[in-house]
Amino acid sequence: MNGTPVTARVAGVRDDIITLRLMKDEHGEYYPLIKNEVVYICPERRPSDQRQERLQAEVLRVRHGEADVQVFENTRGVSIGDPVEQTERLLSVALGPGLLGQIYDGLQNPLELIAAQHGFFLPRGLDVEGIDNQHLWAFQPTVKIGARVRAGDPLGKVQERRFTHKIMTPFKLRGELEVTWIQEGSFTVTTPIVRLKDMHGEEHEITMRQFWPVRVPVNRDLLRTGSSERLYPDQPMLTTLRLIDTFFPVAKGGTACIPGPFGAGKTVLQSLISRYSDVDIVVIVACGERAGEVVETITEFPKTPDPKGGTLMDRTVIICNTSSMPVAAREASIYTGITISEYYRQMGYNVLLIADSTSRWAQAMRETSGRLEEIPGEEAFPAYLDSAVRALYERAGLVRTNDGSVGSLTLIGTVSPAGGNFEEPVTQSTLRTVKTFLGLSADRAYKRAYPAVDPLISWSRYLSQLENWFNTHLDPEWVPQVRDMLNLLRQGEEVQQMMQVTGEEGVTLTDYILWQKSQCLDQVYLQQDAFDPVDISTPIQRQRDLFRLLVRCLEGLPALETKEAVRRHFVHLTGLLRNLNYTRQDSPDYQRLWQEIEALSAPHD
């Protein structure tokens, strides 16, 4: 025991749900316990190394004299009567310099550090700091003694990898505070660097580290007091994937979901979005996925070159709770990831959070709800599933911070519906919340189409919302032309369905040309080669030029009298356009191919 008084005892164990019997103080009153408070279960049965295990748990429900808690680790060996310690704090994460490049579990335990100390079979009940307490950071103040500050105001800065990390006034402080003392130099995150005096004359010692409860938005109080301000997303988060940027854009500070069956390419798609999107910080939450997929992520990211310099891990935080880890920690991991994302957004950075997958997160909620014997909703998911999904995605957004800088948090959640059934509750709840839907198709994945996003079922409300940006930066007719091309894809699909019944002979020449146009658009523009160094990433200006050229080719066809002539024309055109996709813009071949394609697009008499 750590000298903390025992305030409760274990009264019952149901897998990772433990019932506590509260104890009474010297006045005969039960020790107070609040919902979402963190407690530690201390099993009296010791492991072989005789270490006192402290199993972290979160209070789910409080009744008179009793409470139900969910334990974030294996509860084997926990017995009736085992002591329980209170912390009087909510489930929180440490925020400060040193987060980037880390690999955490769902409770912000640094997995690499634990593995180095204890081996790869991680023991339970460890209490490890989420941020290194020994590392020295060069702190430079940006305020002077006598300055007046509020929660969220920058006090100074340190250099974290290639980013300027703002040290901010702790978000929990209230009202206006005065800087009474500040020092410059190299310090650990636990060394006091500033003293602030509040309105009541009380002084607070501030370090470079602060704690924040994960289930509460970081900027909740800042928005309420007007220190920060929510903004309307007005520009896209460019991914360099043509299908997404052109047809189904995602706004900076927006929300999107990528549902799809197993093997449809979610992992590859999210990896390339992380690598090439125009964001500063990437946070990946591997929530309940198979251990093999998570291992692939955490081994590849440190070696993957970043187009902005260095490796991708230099600007990434990975939080992983695989399907083999405890259910409760899986449910908490997404909240840990989004809290870290909000922290960097509050510095004015553009942050991308990828949650893979929210289906496993919802299943963890379902298991916990079932053990608490709550009234189930559809498919035994908790009745509050819809509101939980909505509350999660609402934490994304565009924010003007205290110092006037603008930061964004873009949230992309992957969904893994069983059997690819998009009608199941988690997918439907997500679709009612997000503004971009990128539906992956097993059929397109089997045809080796990348990305395997089906344009006939996908949609984006940001296409209209960001129309002014597209008109200004790309083309005044951009959005109408994109809608025309989407309509062409739908018409081509209808013709293809007829041809499956009647064959080519059963459709008119006009319909056949329509189908060939849609096939050319699909193969040349919607699909990219993830293994080609040029085609893997298409900047938005190159997308604009290629899209304009393709529209001219499809609208300005020569006179084609037979289906054989139509077929030959589109085979030739598709080959040239594909070669153009593989060619660098600064090469002579690019200009040659461009001229050949333009010659094909000129109408013939």
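Because the structure is predicted, anything quoted here is derived from the model rather than measured. One-based numbering along the sequence shown.
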Verify side-chain contact (heavy atoms from CB on, under 4.5 Å) between V62 and I34, making sure each step is shown before the conclusion. CA-CA 7 Å; V62 181; I34 59 174; over 6 Å; no
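- Under 3.5 Å, the side chains of D16 and T75 contain no donor-acceptor pair of N or O atoms.
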Requested in this report: Assess whether side-chain contact (heavy atoms from CB on, under 4.5 Å) is satisfied between F139 and I167, documenting all intermediate values.
Outcome: CA-CA 9 Å; F139 174 71; I167 305 300; 4.0 Å; yes
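- Look at R9 and D82 and you find no salt bridge, because none of the NZ, NE, NH1 or NH2 atoms lies under 4.0 Å from a carboxylate O.
- For the atom pair Y335 OH and S92 OG, the distance stands at 14.5 Å (nearest 0.5 Å).
- In terms of modelled atom types and a separation under 3.5 Å, the side chain of S359 and the main chain of S416 share a donor-acceptor contact.
- Remark: R76 CZ is loosely packed, at most 12 non-hydrogen atoms of other residues, nucleotides or ligands lying under 6.0 Å away.
- Nearest heavy atoms, P154 versus V143: O-CG1, 3.6 Å.
- Remark: side-chain polar atoms of E112 are not paired, donor with acceptor, to backbone N or O of I103 under 3.5 angstrom.
- Using a 4.5 Å heavy-atom cutoff, the side chains of I281 and I340 are not in contact.
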Practice item. Report the C-alpha separation of L177 and R148 in whole Å, then their side-chain angles, then the decisive distance to 0.1 Å, and conclude whether the side-chain contact (heavy atoms from CB on, under 4.5 Å) test is met. Key: CA-CA 6 Å; L177 304 106; R148 300 277 181 173; over 6 Å; no
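- Looking only at distances, a side-chain donor or acceptor of K266 sits under 3.5 Å from a matching main-chain atom of G260.
- A side chain to side chain contact (heavy atoms under 4.5 Å, CB included) with Y104 is found for one member of L113, V93, L111, V317 and no other, namely V317.
- Under the 3.5 Å distance criterion, with hydrogens and angles disregarded, no donor-acceptor pair is assigned to the side chains of E331 and T368.
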Check your understanding: Do E88 and E37 pass the side-chain contact (heavy atoms from CB on, under 4.5 Å) test, and can you show the C-alpha distance, the side-chain angles, and the key distance before you say yes or no?
Key -> CA-CA 6 Å; E88 298 182 354; E37 182 180 347; 4.1 Å; yes
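- Between the side chain of T207 and the main chain of V189, a donor-acceptor pair closer than 3.5 Å is present.
- More than 12 non-hydrogen atoms from other residues, nucleotides or ligands lie less than 6.0 angstrom from CZ of R63.
- We find the CG-CD distance between L385 and Q428 to be 11.5 Å, quoted to the nearest 0.5 Å.
- Considering every non-hydrogen atom in both F72 and A332, the closest pair reads CE2-CB, 4.0 Å.
- A tilted orientation is assigned to the rings of Y344 and Y349, their planes being inclined by 30° to 60°.
- At least one side-chain heavy atom of D280 sits under 4.5 Å from a side-chain heavy atom of F163.
- With contacts defined as side-chain heavy-atom distances shorter than 4.5 Å, the pair N219/V399 qualifies.
- Side-chain contact between L411 and V434: absent, with no pair of heavy atoms (C-beta onward) separated by less than 4.5 Å.
- Within the model, atoms CG of L392 and OG1 of T358 stand 8.0 Å from one another, a figure rounded to the nearest 0.5 Å.
- A donor-acceptor contact closer than 3.5 angstrom is absent between the side chains of T188 and N133.
- Not counting sequence neighbours, the partners of S369 by the side-chain contact (heavy atoms from CB on, under 4.5 Å) test are E374, P382, Y384.
- Using a distance-only test at 3.5 Å, with no hydrogens or angles considered, a donor-acceptor pair links the side chain of R366 to the main chain of E379.
- Side-chain atoms of T336 and Q108 form no donor-acceptor pair, as typed in the model, at a separation below 3.5 Å.
- Remark: the backbone N or O of N109 is paired with a side-chain donor or acceptor of D105 at under 3.5 angstrom.
- In E176, the CD atom is crowded: over 12 heavy atoms of neighbouring residues, nucleotides or ligands sit closer than 6.0 Å.
- Counting heavy atoms from C-beta on, the side chains of F211 and L95 never come closer than 4.5 Å.
- Closest approach of S341 and L409 over heavy atoms only: CB-CD1, 3.5 Å.
- The minimum heavy-atom distance between P417 and T427, with the atom names listed, is CB-OG1, 3.7 Å.
- Closest approach of G253 and T410 over heavy atoms only: N-OG1, 2.9 Å.
- Annotation: F187 is not in aromatic contact with H135 [ring centroid separation under 6.0 Å not met].
- When atom types are taken as modelled, the side chain of D356 and the backbone of A286 share no donor-acceptor pair closer than 3.5 angstrom.
- In this structure, the side chain of T433 engages the main chain of S429 through a donor-acceptor pair within 3.5 Å.
- Here the side chains of R315 and V282 are in contact, with some heavy-atom distance below 4.5 Å.
- At a threshold of 4.5 Å between non-hydrogen side-chain atoms, the residues L352 and M237 count as touching.
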(request) Determine, step by step, whether T7 and E85 satisfy the side-chain hydrogen bond (donor to acceptor under 3.5 Å, both in side chains) criterion, reporting the C-alpha distance in whole Å, the side-chain angles of both residues, the deciding distance to 0.1 Å, and the verdict. (result) CA-CA 6 Å; T7 58; E85 298 177 359; over 6 Å; no
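- Going from atom CD1 of I41 over to atom CG of L20 covers 5.0 Å, rounded to the nearest 0.5 Å.
- In terms of heavy-atom proximity, I131 sits nearest to G96 at CD1-N, 3.5 Å.
- With respect to the salt-bridge test (charged N to carboxylate O, under 4.0 angstrom), the residues R209 and E129 qualify.
- The shortest side-chain heavy-atom distance between E29 and L22 does not fall under the 4.5 Å cut-off.
- A salt bridge is defined here as a Lys NZ or Arg NE, NH1 or NH2 lying under 4.0 Å from an Asp or Glu carboxylate O, and E205 with R195 meets this definition.
- Under the 3.5 Å distance criterion, the side-chain polar atoms of R14 are matched with a main-chain donor or acceptor of R371.
- A donor atom on one side chain and an acceptor atom on the other are not found under 3.5 Å apart for Q56 and E73.
- Applying the side-chain hydrogen bond (donor to acceptor under 3.5 Å, both in side chains) test to residues at least two apart or on different chains, the pairs with a partner in residues 393-403 are D153-N402, K166-D403, S228-N402, E229-R400, T339-R395, E342-R395, T401-D403, T401-S405, D403-S405.
- Rounding to the nearest 0.5 Å gives a distance of 9.5 Å between OH of Y30 and CZ of R21.
- Between the CH2 atom in W212 and the CG atom in L90 there is a gap of 10.0 Å [rounded to 0.5 Å].
- Listed for the R174 side chain is a donor-acceptor partner under 3.5 Å among the backbone atoms of K172.
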